[in-house]
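Before any comments, here is the structure.
Residues: numbered from 1 along the sequence shown.
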Amino acid sequence: MDLALLRTFVTVHRAGSFTRAAALLGLSQPAVTSQIRTLERQVGRPLFLRQARGVTPTTIGDELAHKAAPHLDALVEIAESGLEEDSSLRTLHLAGPPEFTAERALPALTELTGEDGQGFALRASFGTADEVLEGLAAGHHDLAISTVRPRGALLTATALCDEEHVLVAAPHWAEQIGAGMLCRTGPAALERVPVVEVHESLPFVARYWASVFDSRPICPGTVIVPDLRAVLACATAGAGLAVLPRYLAAGALERGEVVALHEPAVPPLRTYFLAVRTGTLAMPHIARAHEWLERAAADWC
């Protein structure tokens with residue numbers, strides 16, 4: 001079986017589209033279509049079901065991808081790094097949410113980028129859970145940190161750590177609400193406090209309200225900024241209440257710049273997963289980074 005055909009097949013399987021696969025491979029779409037048809041003739045079974053938007057693998061297609069993808073990834077690694085190349089010259093591509101990646105993962109991994117004979121170059125990119133997992137499946141990243149556990153056999157995920165969420169605001173808002181008011185009235189005491197969030201849908205506040213108060217927030221977002229670090233800055237400046245990861249708000253809480261408005265007995269948690277393409281942990285630099293992050297995460301929980 002032609003390895004070039006398998007490489008095209010795995011790329012289509014990961015991309016979910018002949019068009020996207022063609023762009024990744026630097027080929028024309030007709031060339032990709034022709035190669036897939038050739039492979040299907042060799043296999044004797046259809047590998048994809050054509051749909052209006054992209055393609056869906058058949059059972060045979062999923063099985064072939066599961067068997068072939070790890071070996072193709074290993075061959076690509078050999079071709080790109082060279083048999084005699086020092087592993088310190090390899091590049092690890094990491095993707096994840098901006099705040100957690102910047103505050104947690106990158107500081108831990110930079111310890112592995114030194115010239116100790118086992119280090120590697122590091123490249124990082126940020127994105128949503130869907131974006132980083134799609135990029136991982138397409139081969140753009142080696143490791144992906146996600147708040148969603150990926151489905152399917154092409155990606156393998158390990159629970160990394162749980163993130164505790166805390167409801168905070170500047171001290172003057174706590175004074176206006178009144179100490180202990182939440183214990184007596186519940187979220188009604190917060191209805192007059194503006195909300196700072198990362199999206200109009202209020203994902204962090206809504207999750208907190210559902211978990212702690214068994215209700216939905218009433219007030220719309222007053223300040224919407226697409227980064228939790230900016231949310232913290234706005235809350236510190238007095239813009240309103242916010243729900244933040246405790247690790248991110250810890251410094252401001254210690255300095256008294258914000259205060260916790262509520263300390264539920266069971267705080268809301270969000271789980272992070274560390275994902276790789278199945279089989280790629282056989283590559284030393286990916287395996288080392290994966291293990292290092294797992295060890296570091298033991299101190300994050």
Would Leu261 and Val168 count as a side-chain contact (heavy atoms from CB on, under 4.5 Å) here? Give the steps. CA-CA 5 Å; Leu261 299 178; Val168 303; 5.9 Å; no
Quiz prompt | Arg270 atom CZ, over 12 foreign heavy atoms within 6.0 Å | solution = yes
Arg192 meets the side chain to side chain donor-acceptor pair (under 3.5 Å) criterion, sequence neighbours left out, with none
| query | Is it the case that more than 12 heavy atoms not belonging to Arg246 sit under 6.0 Å from its CZ atom? | reply | yes
Interatomic distance, CG@Leu92 vs NE2@His290, rounded to 0.5 Å, equals 11.0 Å
Between Arg295 and Glu111, does any side-chain N to carboxylate O distance fall below 4.0 Å? no
OG1 of Thr271 to CG of Asp162, rounded to nearest 0.5 Å, is 4.0 Å
Exercise. Ion pair present between Glu99 and Arg229, side-chain N to carboxylate O less than 4.0 angstrom?
Worked result: no
- prompt: Is it the case that one hydrophobic cluster holds both Leu274 and Leu109, taking links as side-chain heavy atoms less than 4.5 Å apart, direct or via other members?
  reply: yes
When rounded to the nearest 0.5 Å, the distance separating CG of Leu136 from OG of Ser146 is 9.5 Å
When rounded to the nearest 0.5 Å, the distance separating CZ of Phe100 from OG1 of Thr147 is 10.5 Å
- Query: How are the rings of Phe213 and His262 set relative to one another: parallel (under 30°), tilted (30 to 60°) or perpendicular (over 60°)?
  - Reply: parallel
Notebook entry, point to check: According to a 4.5 Å side-chain heavy-atom criterion applied to Ile, Leu, Val, Met, Phe, Trp and Tyr, with indirect links allowed, do Ile218 and Val243 form part of one hydrophobic cluster?
Noted result: no
| task | Using the salt bridge (Lys or Arg N to Asp or Glu O under 4.0 Å) rule, take Arg50 and Glu40 through it: C-alpha gap first, then chi angles, then the decisive distance, then the call. | result | CA-CA 13 Å; Arg50 279 68 169 176; Glu40 287 178 329; 3.2 Å; yes
All heavy atoms of Val166 vs all of Ala260, minimum pair found to be CG2-CB, 3.9 Å
Margin query: Is it true that, when you exclude Arg149 itself, more than 12 heavy atoms of the residues, nucleotides or ligands shown sit nearer than 6.0 Å to its CZ?
Written below: yes
- Task: Would you sort out whether Val43 and Ile60 count as a side-chain contact (heavy atoms from CB on, under 4.5 Å), showing the intermediate values?
- Result: CA-CA 9 Å; Val43 174; Ile60 297 297; 4.2 Å; yes
Note to self: Taking Ile145 as the starting point, is it possible to reach Leu133 by hopping between hydrophobic residues whose side chains are less than 4.5 Å apart?
What the structure shows: no
Residue pairs meeting ring pair (Phe, Tyr, Trp, His ring centres under 6.0 Å), one or both in residues 129-169, sequence neighbours left out, come to His165-Phe204
Item to complete: Evaluate side-chain contact (heavy atoms from CB on, under 4.5 Å) for Leu155 paired with Arg277, printing each intermediate quantity in order.
Response: CA-CA 4 Å; Leu155 300 181; Arg277 290 188 301 283; 3.8 Å; yes
> Counting N and O atoms only, with roles assigned by atom type, does the side chain of Ser34 sit under 3.5 Å from a partner on the main chain of Pro30, one being a donor and the other an acceptor?
Replying inline: no
#### Entry: Short side-chain to backbone donor-acceptor contact, Trp292 and Ala108, under 3.5 Å
yes
* Answer yes or no: is there a side-chain heavy-atom contact under 4.5 Å between Leu64 and Leu6? => yes
### Task
Please assess Leu143 against Leu293 for the test side-chain contact (heavy atoms from CB on, under 4.5 Å), listing each intermediate value before the final yes or no.
CA-CA 10 Å; Leu143 288 175; Leu293 283 175; 4.3 Å; yes
In terms of heavy-atom contacts, Phe9 and Gly61 come closest through CZ-O, 3.1 Å
Say whether Val212 and Leu190 are linked into one hydrophobic cluster, either directly or through other cluster members, by side-chain heavy-atom distances under 4.5 angstrom. yes
- prompt: Is the backbone N or O of Gln35 less than 3.5 Å from a side-chain atom of Thr8, with the two atoms forming a donor-acceptor pair by type?
  reply: no
Hey, are the side chains of Leu122 and Thr91 touching, using non-hydrogen atoms and a 4.5 Å cut-off? no
Smallest heavy-atom separation, Pro70 atom then Ala65 atom, equals CD-O, 4.2 Å
*asked:* Checking Thr56 against Gln51: is there a side-chain donor and acceptor pair closer than 3.5 Å?
replied: yes
- Task: Answer yes or no for Arg288 and Phe120: cation-pi contact, defined as NZ/CZ to six-membered ring centre under 6.0 Å and angle to ring axis within 45°.
- Result: no
Q. Do the side chains of Val148 and Leu228 join up, straight or via other hydrophobic residues, at under 4.5 Å, putting them in one cluster?
A. no
Query raised in the report: Are Tyr272 and Glu163 linked by a side-chain donor-acceptor pair shorter than 3.5 Å?
Result: yes
To the nearest 0.5 Å, atom CG of Leu241 lies from atom CH2 of Trp173 at 8.5 Å
Note to self: Surrounding NE2 of His93 (heavy atoms of other residues, nucleotides or ligands, distance under 6.0 Å), is the total greater than 12?
What the structure shows: yes
Just wondering, do Glu197 and Pro203 contact through their side chains at under 4.5 Å, heavy atoms? yes
All heavy atoms of Gly96 vs all of Val132, minimum pair found to be N-CG1, 3.7 Å
Of all heavy-atom pairs linking Ala206 and Ser201, the shortest is CB-O, 4.4 Å
### Validation row: Leu202, Trp209 side chains within 4.5 angstrom (heavy atoms)
no
Between Asp142 and Thr280, is there a side-chain heavy-atom distance shorter than 4.5 Å?
no
The complete set of side chain to side chain donor-acceptor pair (under 3.5 Å) pairs with one or both residues in residues 11-22, sequence neighbours excluded, reads His13-Asp62, Arg14-Asp73, Thr19-Gln29
Could you check whether any side-chain heavy atom of Phe126 comes within less than 4.5 Å of a side-chain heavy atom of Thr101, counting everything from C-beta outward? yes
Taking side chain as C-beta onward, heavy atoms only, is Arg90 less than 4.5 Å from Pro284? yes
Looking only at heavy atoms, the pair that brings Ala174 and Val259 closest together is CB-CG2, 3.5 Å
* With the side chain counted from C-beta on, respond yes when Leu167 and Tyr208 share a heavy-atom pair under 4.5 Å apart, and no when they do not. => yes
Rounded to the nearest 0.5 Å, the CD1 atom of Ile286 sits from the CG atom of Leu94 at a distance of 11.0 Å
